[in-house]
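Read the structure below first, then the notes.
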Amino acid sequence: MENNIKQEIEICLEILKKGGLILYPTDTVWGIGCDATNSEAVDKIYKLKKRSDSKAMICLVNSLRMLEQFVDQVPDAAYPIIEHSSKPTTIIYDNPLRVANNLVAADDTLGIRVTKDKFCEQLIYQFRKPIVSTSANISGEPTPNSFSQISPEILKGVDYVVNLHHSKNSGPPSAIIKLGNDRSVKVIRK
């Protein structure tokens with residue numbers, strides 16, 4: 001692992017363990033993140049984004065194994081989607097477990113993505129818990145396509161800004177698919 005990635009991960013782990021917020025590059029857009037099991041940390045993100053907590057956020061996990069620890073029942077259809085999708089894909093699951101209550105939508109669902117990004121994967125692996133990932137913008141404003149488009153309000157509102165990929169443009173937001181335990185499949189964003 002590159003030295004600067006290792007260093008950035010160590011700093012992020014300290015912040016996440018204290019319930020702080022990080023601004024970090026993901027496999028899609030720049031994200032605001034925190035410990036997905038810490039409701040006070042999740043609340044800080046809602047406040048920073050000026051977003052009502054009825055608008056659900058997603059979280060990232062680093063493996064199928066971690067996914068299975070935080071969802072009551074992963075539908076069989078999820079596995080081929082995760083393994084074979086050519087772009088980052090967030091899946092909305094029924095009955096999430098062991099995450100902050102204010103992260104779970106009113107219908108008892110949660111969007112979770114198994115990240116394939118090297119930095120995110122390593123960070124989550126070492127943190128051993130899911131990390132919230134929500135776009136780095138005030139609610140209602142456009143999602144930044146690069147680090148340079150992130151508003152000063154967001155930059156000042158987090159506890160740490162990851163010092164990687166500042167010059168790289170973000171990818172498109174992830175695809176979103178809702179898989180119900182009743183075998184329903186609904187594509188929300190392609």
Side-chain angles (χ1 to χ4, degrees), residues 8 11-61 70 88-94 96-113 115 117 119-120 123-124 127 129-178 186-190:
E8 292 298 316
I11 298 166
C12 288
L13 289 171
E14 286 302 303
I15 303 287
L16 293 168
K17 287 174 185 168
K18 291 180 189 155
L21 305 186
I22 61 171
L23 181 65
Y24 67 115
T26 73
D27 48 356
T28 58
V29 298
W30 273 83
I32 303 170
C34 71
D35 175 351
T37 66
N38 180 334
S39 56
E40 286 170 21
V42 170
D43 206 41
K44 288 180 193 173
I45 293 181
Y46 284 121
K47 285 189 174 88
L48 176 60
K49 284 184 64 98
K50 299 180 178 152
R51 183 175 181 167
S52 81
D53 63 10
S54 63
K55 286 193 96 180
M57 295 188 288
I58 70 159
C59 62
L60 301 179
V61 294
F70 290 91
T89 302
T90 301
I91 299 177
I92 299 173
Y93 298 94
D94 289 336
L97 306 169
R98 294 190 284 286
V99 292
N101 286 343
N102 53 348
L103 192 57
V104 178
D107 63 353
D108 198 27
T109 61
L110 177 61
I112 302 174
R113 185 164 73 248
T115 184
D117 175 80
F119 170 75
C120 293
L123 175 61
I124 296 164
F127 189 53
K129 292 187 229 174
I131 295 176
V132 169
S133 177
T134 183
S135 56
N137 58 319
I138 301 295
S139 199
E141 290 181 5
T143 300
N145 293 321
S146 64
F147 180 79
S148 61
Q149 292 179 357
I150 298 170
S151 78
E153 194 173 349
I154 295 289
L155 293 169
K156 286 185 196 116
V158 297
D159 298 294
Y160 185 68
V161 176
V162 173
N163 198 10
L164 296 169
H165 310 304
H166 285 201
S167 58
K168 207 171 94 181
N169 277 353
S170 301
S174 71
I176 301 177
I177 299 171
K178 186 172 192 202
K186 184 178 176 191
V187 176
I188 294 172
R189 181 169 67 200
K190 284 188 175 177

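Between N101 and S39, the side chains place no donor N or O within less than 3.5 Å of an acceptor N or O (distance only, hydrogens not considered).
Residue E141 qualifies as enclosed at atom CD: its count of foreign heavy atoms under 6.0 Å is above 12.
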* Asked: Step by step, would you call I112 with V99 a side chain to side chain contact (heavy atoms under 4.5 Å, CB included)?
  -> CA-CA 11 Å; I112 302 174; V99 292; over 6 Å; no
* To do: Show your working on side chain to side chain contact (heavy atoms under 4.5 Å, CB included) between W30 and H166 and close with a plain yes or no.
  => CA-CA 10 Å; W30 273 83; H166 285 201; 3.6 Å; yes
* To do: Apply side chain to side chain contact (heavy atoms under 4.5 Å, CB included) to C12 and V162, showing your working.
  => CA-CA 8 Å; C12 288; V162 173; 3.4 Å; yes
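Between the CG atom of D35 and the CD1 atom of I15 there is a distance of 13.0 Å, given to the nearest 0.5 Å. Note that the OG atom of S133 and the CG atom of L60 stand 4.0 Å from one another [nearest 0.5 Å]. Distance check: F127 CZ to L13 CG gives 7.5 Å after rounding to the nearest 0.5 Å. The structure places OG1 of T37 at 3.5 Å from NZ of K129, a figure rounded to the nearest 0.5 Å. Atoms SG and CD1, on C34 and I45 in that order, are 3.5 Å from each other to the nearest 0.5 Å. For the atom pair I32 CD1 and I154 CD1, the distance stands at 4.0 Å (nearest 0.5 Å).
K18 has no carboxylate O lying under 4.0 Å from a charged side-chain N of D159, or vice versa, which leaves the two without a salt bridge.
Looking at heavy atoms from C-beta onward, S174 lies in side-chain contact with R189 at the 4.5 angstrom threshold. With a 4.5 Å cut-off on side-chain heavy atoms, D117 and Y24 do not count as touching. The shortest side-chain heavy-atom distance between F147 and L155 falls under the 4.5 Å cut-off. Counting heavy atoms from C-beta on, the side chains of L110 and C59 come closer than 4.5 Å. Within the 4.5 Å cutoff, the side chain of T115 has no heavy atoms near those of the T26 side chain.
For the side-chain contact (heavy atoms from CB on, under 4.5 Å) test with E8, the passing option among N163, I22, V161 is N163; the others fail. For the salt bridge (charged side-chain N to carboxylate O under 4.0 Å, His left out) with E153, the lone residue among K50, K47, K49 that qualifies is K50. Of the residues V29, I150, T143, the one that meets the side-chain contact (heavy atoms from CB on, under 4.5 Å) test with N137 is T143.
Seen from the ring of Y46, R51 does not count as a face-on cation partner, given the 6.0 Å and 45° thresholds.
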